[in-house]
Amino acid sequence: MVSSKLFEPYDLGPTRLSNRVVMAPLTRSRATDDQVPKDIHVEYYRQRAGAGLIITEATNISPEGRGYAWTPGIFSDEQVAAWKRVNDAVHEEDGKIFLQLWHVGRISHPDLQPGGALPVAPSAVKPEMKAFTKDGFKDIPAPRALEKDELPRVVADYVKAAENCKKAGFDGVEIHSANGYLLDQFLRDGANKRTDEYGGSVENRMRFPLEVVDAVVKVWGPERVGIRISPVSPANDLADSDPEAVFVPYVEELSKRGLAYLHVIEGETRGNRDPAGFKAWSLRDHFKGTYMGNNNYTPELAMERVDKGEIDLACFGRPFISNPDLVERMKLGAPLAEYDERTFYGGGAEGYIDYPALTVEERARYGQAA
Ligand code: 8OZ
């Protein structure tokens, strides 16, 4: 057996995690056209309940919040009922699960929007990106800038989604404030060109994301609300001219609210962990609660950083796709199965629920060797 604090329980506020390994939110695009999780979702998450905490795939808070084909939602009763089945399965296996609340902002396409409308964003700045639609990848147009008087309605959509998460039996929620989606678009000056009190100064750019955080905290209490940020990631064609200037005060504001955790994509999403410039992991010094590290962690790096006390929780994404029993394998020092990128997005059971866990014989063999 490999020995590390990574495999010891952790009290995430009122939520007791059986270990410090977190399954990252992973978009897999397998829900129905109505954005409802299926039976395969129940099985997929049940298989991965050995994670200390599962964060669900990013989930649309509203029809307007959608930016990719076949992503799930949490705004209809049918979606709530389907997620409840997922949660019951995870809880039967003694797992814990938070839903990730998602609004994509400008990273969408009229084909994915109600009534074929333009996607909405802080400002009408076009991202140089393509959208994943039912009919393939399509060029993303310039979005429509949200009017100031529409913002309370968007906050209300977050509240409704957060309430639905309670009805569905989640253990908590994670607010997606990363990777160039709506909240990140307000924060970073590459997409926010507003001249009202929601743009310009750092204080103004933080205003809308913090209104969302405060509204979701009212529903769940701060100890069951986490947040994900990616201060230096170029994902979805978004950047800030001075990430430190916006993310240090943002994290200080989040810290004041006593959130369950700060989840940081420390480098480039799915890329370089250590790009030149501002070191996103330094934000830990500005947050008094639990720090979750993410970005190309290997088992060795996760153990090292948890054992040294540099991070509290280690988040793994792609390894969980092909290793449903990832925690068990790491504990045994067993090799990890390779993932097949061709089945990341779309399709059904293949590449989703057919990656096997170790057999009883394999577990015994690796257990003796370790
Ligand atoms: C990969 C494909 C589609 C969406 C993110 C929600 O980057 C995503 C995402 C990732 O946060």
Go through the steps to decide whether D237 and K126 satisfy the test salt bridge (Lys or Arg N to Asp or Glu O under 4.0 Å), and finish with yes or no.
CA-CA 9 Å; D237 193 26; K126 174 180 152 54; over 6 Å; no
Among R85, E57, E93, which one satisfies side-chain hydrogen bond (donor to acceptor under 3.5 Å, both in side chains) with Y45?
E57
Within a radius of less than 6.0 Å around [atom1] of [X], do more than 12 heavy atoms belonging to other residues, nucleotides or ligands occur?
X	atom1	result
E252	CD	yes
R363	CZ	no
E78	CD	no

Do [Y] and [X] meet the salt-bridge criterion of a basic N to acidic O distance under 4.0 Å?
X	Y	value
D33	K134	yes
K130	D139	yes
E163	K166	no
D11	R16	yes
E43	R46	yes
R20	D312	no
R205	D240	yes
E174	R224	no
E253	R257	yes
K279	D274	yes

Same hydrophobic cluster for V86 and I74, using side-chain heavy-atom links shorter than 4.5 Å among ILVMFWY?
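Yes.
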Is there a path of hydrophobic side-chain contacts, each under 4.5 Å between heavy atoms, that joins I55 and Y339?
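No, it is not one cluster - the side chains of I55 and Y339 are not joined through contacts under 4.5 Å.
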From CA spacing to verdict: side-chain contact (heavy atoms from CB on, under 4.5 Å), L146, F208:
CA-CA 12 Å; L146 283 159; F208 181 69; 5.8 Å; no
CA sep, side-chain torsions, deciding dist, call: E266, N294, side-chain contact (heavy atoms from CB on, under 4.5 Å)
CA-CA 6 Å; E266 294 168 330; N294 179 291; 5.9 Å; no
Side chain to side chain contact (heavy atoms under 4.5 Å, CB included) partner of P72, chosen from T59, L99, T27
T59
So if I apply the side chain to side chain contact (heavy atoms under 4.5 Å, CB included) rule between R106 and each of P127, P122, S123, which one comes out positive?
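Single side chain to side chain contact (heavy atoms under 4.5 Å, CB included) partner of R106 among P127, P122, S123: P127.
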Using every non-hydrogen atom in the two residues, find where S3 and D307 come nearest and quote the distance to one decimal.
O-OD2, 4.5 Å
Are W102 and Y158 close enough that their ring centers fall under 6.0 Å?
no
Scan side-chain atoms only and decide if [X] and [Y] contain a donor-acceptor pair under the 3.5 Å cut-off.
X	Y	result
R228	S177	no
S241	D189	yes
T71	Q35	no

Can you list the steps and then say if L17 with L313 is a side-chain contact (heavy atoms from CB on, under 4.5 Å)?
CA-CA 10 Å; L17 312 184; L313 301 172; 4.0 Å; yes
Working for side-chain contact (heavy atoms from CB on, under 4.5 Å), residues D184 and S230:
CA-CA 8 Å; D184 210 16; S230 58; 3.8 Å; yes
